[in-house]
Amino acid sequence: MTAYVEHLLRTEAPQVLGALVRRFGRFDIAEDAVQEALLTASRTWPVDGVPEDPRGWLIRVGYRRMVDMLRSDQARRRREQEAGMAELAMREPARRPSAPQEADDSLTLLLLCCHPALSATSQVALTLRAVGGLTTAEIAHAYGVAEATMGTRISRAKQQLARAGARFTPPTDADRDSRMTAVTRVLYLIFNEGYTASAGDELARLDLTREAIRLTRMLHDRVPDDAEVTGLLALMLLTESRRTARTGGDDELVPLDEQDRSRWDAALIREGTELIDGVWSRREVGPYQLQAAIAAVHAAAASPERTDWPQIAALYLWLERLAPSAPVRLSRVVAVARAYGPTRGLALLDDLNRRFLLDREPLTRQRERAVRAHLLQETGDAAGAATLYRQAAALTENQVERRYLLGRADRLG
């Protein structure tokens, strides 16, 4: 499948799904119908060419499949009246669905997929499937689980939406504001999983980072005045700008201070910096804006030695007070150590471990050992550092990261 066709399908997926859900009111079945339409298009368009009206083509194919599925479902549930309505809609041309180019259902779909009745994992999976247009196999591969397992997870998520009485309706201001936190969190999780994959032979999953950026751009287009959405997009762009420099020619991990900064993407840095600069003065600073500001400080440094680590440490302290979490606390340790020395960093790490158990917290227990190992190495404790590097390596399923940590340990003896 060509890159153009793939991009087109993922762009049109939420619009096609919106058209079907508006027509039939059945998100669970409509989503399956859309996936089948996308698969059909992925097989035929590269051979026969993209139709003149791709959205209309996808809606018609999805509509026919939707009717077939409704017939089967309704026969099983004995819903003759609903089946008859679907049959009538198919027979009367005037009632067939059109491709409403002026309607954009992306935000409505994002809010629906991030319904509070769903777990964070289900929200991510359903967003990638329904809004991103990824197949179940692609999502399963990204998360290192069997396709059948992911299929079950997505199916259960759709059933939960049905039981919760979720409706496909444009969001009100109150609903949008209350649900936007879940939407941004899901997009943030997708990007993070792509930037450093939790498992596998590759450090990153480019398909997930690209999809997260695409969806966040789309969200930013819908709510351009939302400062946190702007901050999230800026954070992704500034972070993604370093991607090609994160690994060397042998696919080995290259830490930030050793990266060739000429390989950083200047266009992404410029765009991300302009985005965060544009909202920074609004006096409504949130967690994503703070993280974007930290990324912008890194991007502005021409060399590692010129990085303003005291400013980064201050920003992390602000972030910790605003949105306290184990990863944020551990990142502040790194910033403090870079700004004021490894001894002070170790003292802060010991204090945070006593109060918050970073070395036991699932989100930080692996990285806590890696950070402590680095700080011990800087203080001259090579043996202690080597031991902790090996412990950190044993706690990651990402093979690139594991090789890097074991290499650090081996060099220390």
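Partner of I312 under the side-chain contact (heavy atoms from CB on, under 4.5 Å) criterion, out of V334, L317, T307, V336: T307 alone. Partner of L232 under the side-chain contact (heavy atoms from CB on, under 4.5 Å) criterion, chosen from L219, I213, T216: T216. Residue V371 is tested with T364, L330, L358, L388 for a side-chain contact (heavy atoms from CB on, under 4.5 Å); the sole match is L330.
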Run the numbers on F24 and L70 for side chain to side chain contact (heavy atoms under 4.5 Å, CB included), then give the verdict. CA-CA 9 Å; F24 293 99; L70 278 173; 3.2 Å; yes
Test salt bridge (charged side-chain N to carboxylate O under 4.0 Å, His left out) on R355 and D351 and set out the steps. CA-CA 6 Å; R355 291 192 289 150; D351 177 60; 3.0 Å; yes
L161 vs L126, side chain to side chain contact (heavy atoms under 4.5 Å, CB included): CA-CA, chis, key distance, verdict: CA-CA 11 Å; L161 286 181; L126 201 56; 3.6 Å; yes
Could you go step by step and tell me if Y389 and L406 meet the side chain to side chain contact (heavy atoms under 4.5 Å, CB included) rule? CA-CA 6 Å; Y389 277 132; L406 290 176; over 6 Å; no
R372 and D350: CA distance, side-chain angles, deciding distance, salt bridge (charged side-chain N to carboxylate O under 4.0 Å, His left out) verdict: CA-CA 10 Å; R372 185 179 292 276; D350 288 339; 3.0 Å; yes
Could you please spell out the steps behind the side-chain hydrogen bond (donor to acceptor under 3.5 Å, both in side chains) verdict for Q366 and T396? CA-CA 7 Å; Q366 185 268 341; T396 181; 4.7 Å; no
Side chain to side chain contact (heavy atoms under 4.5 Å, CB included) for I276 and Q289? Distances and angles first, verdict last. CA-CA 7 Å; I276 188 59; Q289 294 170 72; 3.9 Å; yes
Check against salt bridge (charged side-chain N to carboxylate O under 4.0 Å, His left out), R390 and D410: CA-CA 9 Å; R390 291 190 175 95; D410 292 343; 3.2 Å; yes
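Between the side chain of T230 and the backbone N or O of D226 there is at least one donor-acceptor pair closer than 3.5 Å. Panel note: side chain R205, backbone A197; no donor-acceptor pair is recorded below 3.5 Å. At least one donor-acceptor pair closer than 3.5 Å links the side chain of R402 to the backbone N or O of A393. Remark: side-chain polar atoms of E271 are not paired, donor with acceptor, to backbone N or O of I269 under 3.5 angstrom. The main-chain N or O of R55 is never found under 3.5 Å from a side-chain atom of Q15 such that the two would form a donor-acceptor pair. Side-chain N or O atoms of R369 include one that pairs as donor or acceptor with a backbone N or O of D359 at under 3.5 Å.
Smallest separation of non-hydrogen atoms from M150 and A125: SD-CB, 3.8 Å. Shown here for L111 and M180, the closest heavy-atom pair between the two residues is CD2-N, 4.4 Å. Heavy atoms only, all atoms of each residue included: T11 and P14 are closest at O-CD, 3.5 Å. Shortest non-hydrogen contact noted between R329 and P324 is NH2-CB, 3.3 Å. For the residue pair L9 and A41, the shortest heavy atom distance occurs at CD2-CB, 3.7 Å. A pairwise comparison of heavy atoms in G345 and L375 identifies C-CD1, 3.9 Å as the closest pair.
Contact annotation: the side chain of L206 approaches that of R243 to within less than 4.5 Å [non-hydrogen atoms, C-beta and beyond]. Within the 4.5 Å cutoff, no side-chain heavy atoms of V333 are placed close to those of E368. Side-chain contact between R129 and D32 is present, with at least one heavy-atom pair separated by less than 4.5 Å. Annotation: side chain of W57 is in contact with side chain of T44 (closest heavy-atom distance under 4.5 Å). Contact annotation: the side chain of R156 approaches that of T152 to within less than 4.5 Å [non-hydrogen atoms, C-beta and beyond]. S331 has its side chain within reach of R367: a pair of non-hydrogen atoms, C-beta onward, lies under 4.5 Å apart. Taking 4.5 Å as the limit, some side-chain heavy atom of L346 sits within range of a side-chain heavy atom of L376. When side chains are defined from C-beta on, V124 does not count as touching R185, because their heavy atoms never get closer than 4.5 Å.
For the 3.5 Å distance criterion, the side chains of Q377 and R408 qualify, holding a donor opposite an acceptor. Donor-acceptor pairing under 3.5 Å is recorded for the side chains of E193 and S198.
Checked for salt-bridge contact, D68 and R64 miss the test: no charged N lies under 4.0 Å from a carboxylate O. A salt bridge is absent between R403 and D251; no separation between the charged side-chain nitrogens and carboxylate oxygens falls under 4.0 Å. At a threshold of 4.0 Å, the pair R26-D28 counts as salt-bridged, since one of the basic side-chain nitrogens sits closer than that to a carboxylate oxygen.
Counting heavy-atom neighbours within 6.0 Å of R282 CZ, excluding the residue itself, gives a total above 12. More than 12 heavy atoms of other residues, nucleotides or ligands sit less than 6.0 Å from atom CZ of R163. The 12-atom threshold is exceeded at CZ of R246, counting heavy atoms of other residues, nucleotides or ligands nearer than 6.0 Å. Heavy atoms from other residues, nucleotides or ligands lying under 6.0 Å from CD of E284 number more than 12. The neighbour count for E202 CD, taken as heavy atoms of other residues, nucleotides or ligands under 6.0 Å away, does not exceed 12. Counting heavy atoms of neighbouring residues, nucleotides and ligands inside a 6.0 Å radius, atom CZ of R10 exceeds 12 of them.
Between atom CE of residue M218 and atom CG of residue D221 there is a gap of 9.0 Å, rounded to the nearest 0.5 Å. The CD atom of E361 sits 8.5 Å away from atom OG of S325, with the distance rounded to the nearest 0.5 Å. Atom OH of Y195 is separated from atom CZ of R242 by 4.5 Å, given to the nearest 0.5 angstrom. Rounded to the nearest 0.5 angstrom, R23 CZ and Y63 OH are separated by 4.5 Å. Residue I154 holds its CD1 atom at 12.0 Å from CD of Q159, rounded to the nearest 0.5 Å. Separating the CD atom in Q391 from the CG atom in L405 is a distance of 11.5 Å, to the nearest 0.5 Å.
Sequence neighbours left out, the pairs with a member in residues 284-333 that pass ring-ring contact (aromatic ring centres under 6.0 Å, His included) are Y188-Y288, W280-W318, H298-W309.
A search for salt bridge (Lys or Arg N to Asp or Glu O under 4.0 Å) contacts involving D260 returns nothing, not counting sequence neighbours.
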